[in-house]
Every structure is written in C-alpha cells, then in structure tokens.
Trainee: 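Have a look at the structure that comes next, please.
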Amino acid sequence: MANYYSVQVNDYGFKLTEVKVDYLSNRNRFTKQEQRILNFMLFTEEGMDMKPTEIAHYLDIHKSHACRAVKKLRELYKTELEN
C-alpha cells in the first residue's frame, strides 16, 4: 500500500485571475484614464510590483485617477464576491 500525504497550498494566482475577469467584464464602469492604470497594473509584469501612484507617474496621469481606479476595483470585487 502506498503512503502519501497532502499539503494545503494557497495559490494567489487564481484570485488574481478572478479580479482580472471581474475587471474585464465591467470595464465600461471605468474612465479611459482609470482603464489605463488598471490595464498596466493587472496585465504587465512591471505593474504587478508598483503602487497605483507609481503607475500614474509612469503613465503621466494624475494620481487621483489611480486612487479612484483602485477604489472602484475594490468595490467591484466586493460586490462580485457577495453574489
């Protein structure tokens, strides 16, 4: 008889995929500037490691757009989790 064991693993990649799908499904709720911020944040390798204000500076967009984009994304993700 074979001996084996299992270990619980938290793979955060799946949650990121859910956030991306929620964003793409509701992209029309975001302004063009907010979309630029979130596209860079969610779909580029550099964007994953940057703060929203850093992304705004990099893209030459006012940081208020970044703050609003992240706030809207959080609200969207919360409502998707509740459903």
Side-chain angles (χ1 to χ4, degrees):
M1 190 184 255
N3 292 329
Y4 60 90
Y5 65 95
S6 64
V7 177
Q8 180 179 352
V9 176
N10 292 327
D11 189 350
Y12 298 105
F14 289 113
K15 294 208 184 274
L16 181 59
T17 302
E18 291 173 11
V19 171
K20 288 178 180 180
V21 168
D22 290 342
Y23 164 67
L24 291 174
S25 299
N26 296 282
R27 190 179 221 182
N28 60 336
R29 295 183 183 191
F30 298 91
T31 66
K32 294 291 181 192
Q33 301 291 32
E34 292 167 351
Q35 287 179 22
R36 286 182 62 203
I37 298 282
L38 293 174
N39 286 337
F40 191 85
M41 181 186 296
L42 296 173
F43 299 107
T44 64
E45 201 171 306
E46 309 89 43
M48 298 281 178
D49 294 333
M50 296 172 75
K51 295 177 184 177
T53 52
E54 292 173 326
I55 295 171
H57 180 72
Y58 181 80
L59 297 175
D60 198 29
I61 299 173
H62 195 271
K63 66 181 180 179
S64 64
H65 294 289
C67 295
R68 279 196 302 270
V70 172
K71 182 179 177 183
K72 283 184 185 179
L73 187 64
R74 282 187 187 133
E75 290 171 0
L76 175 69
Y77 189 65
K78 281 183 199 175
T79 58
E80 291 293 328
L81 286 177
E82 292 171 356
N83 292 334

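Keep in mind that the numbers below use all heavy atoms, side chains included, and drop hydrogens, waters and symmetry copies.
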Trainee: Using a 6.0 Å cut-off, check whether atom NZ of K20 has over 12 heavy atoms from anything other than its own residue.
Mentor: yes
Trainee: On a heavy-atom basis, which atom in V70 and which in M41 lie closest, and how many Å separate them?
Mentor: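 Here V70 and M41 meet closest at CG2-CE, 3.7 Å.
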Trainee: Nearest heavy-atom pair of A66 and A56: which atoms, and what distance?
Mentor: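 That would be CB-CB, 4.0 Å.
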Trainee: Using the rule side-chain contact (heavy atoms from CB on, under 4.5 Å), only one of L42, T31, L73, I55 pairs with I37; which is it?
Mentor: I55
Trainee: Looking at residues at least two apart in the chain, or sitting in another chain, which of them share a ring pair (Phe, Tyr, Trp, His ring centres under 6.0 Å) with F43?
Mentor: none
Trainee: Test of understanding: with side-chain contact (heavy atoms from CB on, under 4.5 Å), list the residues that count as partners of Q35, not counting sequence neighbours.
Mentor: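 Counting only residues at least two positions away or on another chain, Q35 forms a side-chain contact (heavy atoms from CB on, under 4.5 Å) with Y23, R27, F30, K32, N39.
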Trainee: Please round to the nearest 0.5 Å and tell me the distance separating atom CG of D22 and atom OG1 of T17.
Mentor: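 It comes to 11.0 Å.
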Trainee: Output all residues satisfying side-chain contact (heavy atoms from CB on, under 4.5 Å) with S25, sequence neighbours left out; order by chain, then residue number.
Mentor: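 Scan of S25 (side-chain contact (heavy atoms from CB on, under 4.5 Å), adjacent residues dropped) gives V21.
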Trainee: So R36 and Q33, do their side chains get closer than 4.5 Å, heavy atoms only?
Mentor: yes
Trainee: Is there a side chain to side chain contact (heavy atoms under 4.5 Å, CB included) between R29 and K72 once you walk through the steps?
Mentor: CA-CA 8 Å; R29 295 183 183 191; K72 283 184 185 179; 5.7 Å; no
Trainee: Test: side-chain hydrogen bond (donor to acceptor under 3.5 Å, both in side chains). Region: residues 56-70. Which pairs qualify, not counting sequence neighbours?
Mentor: H62-S64, H65-R68
